[in-house]
Enquirer: 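Quick one: the structure is below, questions incoming.
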Number of protein chains: 4
Amino acid sequence: MEKTKRKEKEYQLRRADILDEAEKIFAAKGFHSTTMAEIARTSGFAIGSLYQFFNGKEHLYGTMVSEKLDRMYAEIREAVAGRKTVMEKLEALVSSHFNYVENNLDYWKILIRAESITLSDEDASLKEKIISCYLSHIHFVEKIIKEGIRTNFFKTIDPFSMACALHGIMSSFKFIYIMKPRPGSLKGRVPGVLDIFLKGVKKNAV
Amino acid sequence: MEKTKRKEKEYQLRRADILDEAEKIFAAKGFHSTTMAEIARTSGFAIGSLYQFFNGKEHLYGTMVSEKLDRMYAEIREAVAGRKTVMEKLEALVSSHFNYVENNLDYWKILIRAESITLSDEDASLKEKIISCYLSHIHFVEKIIKEGIRTNFFKTIDPFSMACALHGIMSSFKFIYIMKPRPGSLKGRVPGVLDIFLKGVKKNAV
Amino acid sequence: MEKTKRKEKEYQLRRADILDEAEKIFAAKGFHSTTMAEIARTSGFAIGSLYQFFNGKEHLYGTMVSEKLDRMYAEIREAVAGRKTVMEKLEALVSSHFNYVENNLDYWKILIRAESITLSDEDASLKEKIISCYLSHIHFVEKIIKEGIRTNFFKTIDPFSMACALHGIMSSFKFIYIMKPRPGSLKGRVPGVLDIFLKGVKKNAV
Amino acid sequence: MEKTKRKEKEYQLRRADILDEAEKIFAAKGFHSTTMAEIARTSGFAIGSLYQFFNGKEHLYGTMVSEKLDRMYAEIREAVAGRKTVMEKLEALVSSHFNYVENNLDYWKILIRAESITLSDEDASLKEKIISCYLSHIHFVEKIIKEGIRTNFFKTIDPFSMACALHGIMSSFKFIYIMKPRPGSLKGRVPGVLDIFLKGVKKNAV
DNA sequence: GATGAATGAGGCTTCATTCAT
DNA sequence: TATGAATGAAGCCTCATTCAT
């Protein structure tokens with residue numbers, strides 16, 4: 001019994017190792033220019049061994065993107081979960097998101113590239129998964145916003161649009177950060193993001 | 001003389017045809033899954049002929065992305081150029097941008113995929129070009145914003161951040177539009193985008 | 001016009017060359033142990049060129065087996081066609097069959113191996129084709145035999161069984177010939193084959 | 001002592017199990033498309049365990065084909081051994097052969113495929129073994145025929161040819177039976193086979 | 001200039017066999 | 001002795017690019 005558990009644990013460790021190494025290479029070269037041989041070499045396995053963990057290159061790629069996507073959104077939701085007021089929730093949302101990006105730069109390079117969109121991951125295409133995750137996250141933000149509307153914290157604007165807007169502002173800063181890493185951290189921009197989102201940029205706005 | 005001009009004109013027409021057809025295929029399949037053979041077939045040329053217009057696949061792709069990028073930004077700038085007030089300029093900026101996206105869906109699918117980032121376009125990598133265009137466009141927006149600050153239309157916030165924020169809000173709507181084309185047009189969202197950007201979402205914001 | 005014809009002709013020549021060389025190798029090593037690389041090398045083409053003539057290894061193999069099967073049966077039928085009496089027809093049948101085997105030893109090594117049976121030739125499996133050809137040939141023999149029954153040349157035995165028997169006797173000699181080529185030619189055995197088939201081996205038989 | 005015997009017995013049982021399962025799979029898929037992994041799974045052993053019984057895939061295949069070949073021929077000879085007259089021996093020969101085929105369809109599918117011919121079984125190639133068994137069986141039949149000639153039961157024809165002919169007739173019916181199993185059993189065809197073989201098909205033959 | 005057949009490097013994947021546990 | 005994860009050689013096939021016509 002113990003033995004089986006131990007084996008399973010080791011299996012998961014190896015699998016995670018592969019995914020980690022693959023992530024780096026995919027981030028640097030993109031899906032097509034990354035070879036199974038390189039992933040194998042980098043992760044210290046034989047080529048054939050990769051196929052004990054994944055059905056193929058697409059599966060390896062899809063698994064990595066997909067699992068990490070889940071973890072990321074879970075992390076963000078968890079960060080938000082502990083907060084009480086809408087304002088606190090917004091701060092947690094943006095802050096944990098930026099935090100994740102800073103700690104997972106390679107992964108974000110992959111997401112930005114959005115190659116996933118073309119792949120034909122066996123059954124449910126990876127594209128669907130990503131978009132659905134994306135939308136479900138937007139809806140999560142939407143809920144917070146609806147709460148804010150109810151509590152008179154927000155104006156009565158279409159919540160979906162507001163969620164999109166917030167997400168977009170964040171994305172823009174993420175993009176700049178990823179493409180041209182600046183001295184300033186991403187996290188330092190949280191107040192600025194929220195400020196614009198909440199109050200807008202126009203002087204004397206109503 | 002006349003003959004040479006005529007030839008040159010025909011050459012440019014053919015070249016544009018190839019780029020147009022290539023755009024569609026790249027948009028549908030991505031860079032790597034698109035073959036020179038398919039581009040040739042679709043555009044009605046022989047494979048070998050493509051190489052009289054472009055040095056290779058990357059060059060063809062890069063040229064298409066790059067030239068169209070220039071044209072797009074030019075179009076936006078031109079739309080803005082005719083406007084007087086900052087507010088009008090903002091409207092023109094967002095409006096012409098959304099307009100371009102609606103009329104060039106395929107191209108935007110390509111840009112979103114951002115495969116360009118990986119390519120090693122002989123000398124100046126396409127990645128550099130795109131990012132530089134992107135930044136230069138941000139700076140263009142920045143300038144409008146600076147003008148708005150000077151004229152007391154905008155608050156005194158870091159103009160670069162403001163430009164990013166505006167761009168981000170737009171991107172978010174673009175993304176939704178491209179991924180899940182909704183009945184509502186993109187252009188219809190211009191006021192909403194500007195409203196959030198200008199006044200924020202918080203009630204009673206200062 | 002002439003040019004197109006010429007091209008087509010050359011194409012067919014090249015194609016036939018490949019099939020010929022492939023036949024030799026398949027005969028010597030079997031389907032699975034034969035590599036596309038070897039076929040390419042032997043036939044003087046690049047690997048990639050093989051794929052301009054055939055969709056893949058199975059297709060190449062299937063085409064070769066199938067086309068040659070047709071030609072063989074056609075040759076035999078033609079040989080029979082010119083004959084008048086049943087006896088002459090039988091002689092022509094056996095004789096031309098043995099003749100073909102002697103002149104196409106490699107091909108018969110392939111047919112005997114019957115690997116074709118496992119392959120999953122895209123649509124109509126090669127197996128079906130071969131069996132159907134086989135049966136249709138048996139039926140062809142059957143017709144001759146029926147004629148012999150009508151003309152009182154043959155006893156009134158089930159014609160299909162008779163056809164099978166004749167085919168079997170021939171196969172047996174073919175097999176011995178192919179496996180352990182003996183000094184005596186196959187053709188020399190035609191009278192012996194017919195003698196046993198017609199009169200049996202029992203003394204004083206009715 | 002007892003223990004050793006017991007072990008040996010179990011070893012032989014396991015070995016036979018493997019061979020039985022392997023036979024089914026080889027029959028269905030052919031040598032190359034059958035994997036050691038599948039044989040292991042089906043027979044309930046670990047992959048590595050197979051290598052305690054056989055040196056490798058070819059050896060496993062060769063052993064199965066070879067041992068079964070021996071058993072088959074032994075069975076036929078035994079059936080013949082008890083008979084007195086040549087006619088009875090012939091009947092037993094054909095009958096037991098057909099019987100074996102009916103009861104070992106899978107094995108015959110393998111023999112018909114004749115992949116064995118290509119394999120390079122380390123020392124004595126399997127091909128040699130099969131051909132030698134085949135010939136030795138032909139010679140066995142030959143002996144019966146010689147006896148028939150001596151006893152004036154058969155005409156004075158080359159006994160080898162006669163043996164081949166009989167074998168061929170049988171093979172033909174076997175082939176039809178295996179490829180397109182018909183309602184009628186193989187055994188029911190014994191009289192027909194012998195009739196043609198003994199008396200031929202020609203009316204008023206001498 | 002235009003063509004498209006020919007090229008062959010290189011990728012993904014399979015699977016017989018080994019060996020540490 | 002039994003296991004089955006690890007190995008890596010080798011095969012099929014694709015496709016950007018060239019060049020003879």
Side-chain angles (χ1 to χ4, degrees), chain A residues 3-4 6-7 10-11 14-15 31-41 43-61, chain B residues 7 10-11 14 31-41 44-61, chain C residues 3 6-7 10-11 14-15 31-41 44-61, chain D residues 7 10-11 14 31-41 44-61:
Chain A
K3 209 169 161 188
T4 306
R6 163 75 161 277
K7 283 242 168 170
E10 284 204 352
Y11 175 88
R14 289 184 218 279
R15 189 174 175 282
F31 177 78
H32 282 97
S33 301
T34 297
T35 68
M36 290 301 268
E38 188 171 2
I39 297 178
R41 192 167 1 98
S43 59
F45 287 87
I47 290 183
S49 300
L50 300 184
Y51 289 83
Q52 285 174 342
F53 297 91
F54 308 98
N55 297 330
K57 192 184 175 187
E58 274 203 13
H59 184 227
L60 164 47
Y61 180 83
Chain B
K7 283 239 169 173
E10 282 202 355
Y11 176 88
R14 289 185 216 275
F31 176 77
H32 282 97
S33 300
T34 297
T35 67
M36 291 299 269
E38 188 170 3
I39 297 176
R41 192 171 358 102
F45 288 87
I47 292 182
S49 301
L50 299 184
Y51 287 82
Q52 284 167 353
F53 297 92
F54 310 97
N55 298 328
K57 192 183 173 187
E58 276 202 11
H59 184 226
L60 163 46
Y61 180 83
Chain C
K3 209 169 160 188
R6 162 76 161 275
K7 283 242 169 171
E10 284 204 352
Y11 175 87
R14 290 185 218 278
R15 190 174 175 282
F31 177 77
H32 282 96
S33 302
T34 297
T35 68
M36 290 299 270
E38 188 170 3
I39 297 178
R41 194 169 357 101
F45 287 88
I47 291 183
S49 300
L50 299 184
Y51 289 84
Q52 285 174 343
F53 297 92
F54 309 97
N55 297 329
K57 194 184 173 186
E58 275 203 15
H59 185 226
L60 165 47
Y61 181 82
Chain D
K7 284 237 169 172
E10 282 202 354
Y11 176 87
R14 288 185 218 276
F31 176 77
H32 282 96
S33 300
T34 298
T35 67
M36 290 300 269
E38 188 171 4
I39 297 177
R41 192 171 357 100
F45 288 88
I47 292 183
S49 301
L50 299 184
Y51 287 83
Q52 285 167 353
F53 295 92
F54 309 98
N55 298 328
K57 193 184 173 187
E58 278 204 10
H59 184 227
L60 164 47
Y61 181 82

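In what follows, every chain begins at residue 1, and chains take the letters A, B, ... in the order their sequences are listed.
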Enquirer: Using 0.5 Å steps for rounding, measure from the NE2 atom of A/H59 to the OH atom of A/Y51.
Expert: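 Answer rounded to 0.5 Å: 12.0 Å.
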Enquirer: Find the distance D/E38:CD to E/dC15:P and express it as a whole number of Å.
Expert: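 Atom CD in D/E38 sits about 10 Å away from atom P in E/dC15.
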Enquirer: Looking only at heavy atoms, what is the nearest atom pair of C/A40 and C/A46, with distance?
Expert: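 Heavy atoms of C/A40 and C/A46 come nearest at CB-C, 3.9 Å.
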Enquirer: List in chain and number order the residues that pass side-chain hydrogen bond (donor to acceptor under 3.5 Å, both in side chains) with C/R15, two or more places apart in sequence or in another chain; answer none if no residue qualifies.
Expert: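 Residues passing side-chain hydrogen bond (donor to acceptor under 3.5 Å, both in side chains) with C/R15: C/E67.
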Enquirer: To the nearest angstrom, how far is A/L60 atom CG from E/dG11 atom P?
Expert: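 Spelled out: CG on A/L60 to P on E/dG11 is 16 Å.
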Enquirer: Nearest nucleotide by nearest heavy atom, which residue falls closer to the 5' end of DNA chain E, D/H32 or B/K7?
Expert: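 The answer here is B/K7.
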Enquirer: Starting at CG of D/L50 and ending at P of E/dC15, how long is that distance when rounded to a whole Å?
Expert: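 The answer, rounded to whole Å, is 15 Å.
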Enquirer: Apply ring pair (Phe, Tyr, Trp, His ring centres under 6.0 Å) to D/F45 and list each qualifying residue two or more places apart in sequence or on a separate chain.
Expert: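 Ring pair (Phe, Tyr, Trp, His ring centres under 6.0 Å) check on D/F45 returns D/F53.
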Enquirer: For C/R14, what residues pass the side-chain hydrogen bond (donor to acceptor under 3.5 Å, both in side chains) criterion, not counting sequence neighbours?
Expert: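 Expected list: C/E10.
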Enquirer: Measure from CD on C/E10 to P on E/dG4 and round the result to the nearest Å.
Expert: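 Atom CD in C/E10 sits about 16 Å away from atom P in E/dG4.
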Enquirer: Starting from the 5' end of DNA chain F, give me the residue, B/S33 or A/G44, whose nearest nucleotide shows up first.
Expert: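 Result: A/G44.
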Enquirer: Quick one: on DNA chain F, does C/T34 or D/Q52 contact a more 5' nucleotide (nearest heavy atom)?
Expert: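 Nearest nucleotide further toward 5': that of D/Q52.
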Enquirer: To the nearest Å, give me how far apart OH (D/Y51) and P (E/dA16) are.
Expert: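 In whole Å, E/dA16 P lies 7 Å from D/Y51 OH.
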Enquirer: Let me know the distance between NZ of D/K57 and P of E/dC15, rounded to the nearest Å.
Expert: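 Value for this atom pair: 8 Å.
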Enquirer: Find the distance between CZ (B/F54) and CG (B/L50) and round it off to the nearest 0.5 Å.
Expert: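 Those atoms lie 8.0 Å apart.
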Enquirer: Going 5' to 3' on DNA chain F, which nucleotide is the first and which the last to come under 4.0 Å of a heavy atom in chain A?
Expert: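 In short, chain A contacts DNA chain F from F/dA5 to F/dG8.
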Enquirer: Please report the distance, rounded to the nearest Å, between CZ in D/R41 and P in E/dC15.
Expert: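 D/R41 atom CZ is separated from E/dC15 atom P by 11 Å.
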Enquirer: Give each protein N/O atom lying under 3.5 Å from an N/O atom of nucleotides 8-10 of chain E, with the pair distance.
Expert:
from  : atom 1 : to    : atom 2 : distance (Å)
E/dG8 : N7     : C/G48 : N      : 3.3

Enquirer: Nearest-Å distance, CZ (A/F31) to C1' (E/dC12)?
Expert: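 Computing the A/F31:CZ to E/dC12:C1' distance gives 10 Å.
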Enquirer: Which dot-bracket string describes DNA chain E (Watson-Crick N1-N3 plus N6-O4 or O6-N4, or G-U N1-O2 and O6-N3, all under 3.5 Å; [ ] crossing; | other strand)?
Expert: .||||||||||||||||||||
Enquirer: For a quick test of your reading: what N or O donor-acceptor pairs under 3.5 Å do the side chains of residues 32-39 of chain B make, sequence neighbours left out?
Expert:
from  : atom 1 : to    : atom 2 : distance (Å)
B/T34 : OG1    : B/G30 : O      : 2.7
B/T35 : OG1    : B/E38 : N      : 3.1
B/E38 : OE1    : B/K29 : NZ     : 2.8
B/E38 : OE2    : B/K29 : NZ     : 3.3

Enquirer: For D/F31, what residues pass the ring pair (Phe, Tyr, Trp, His ring centres under 6.0 Å) criterion, not counting sequence neighbours?
Expert: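 So D/F31 forms a ring pair (Phe, Tyr, Trp, His ring centres under 6.0 Å) with D/F26, D/Y61.
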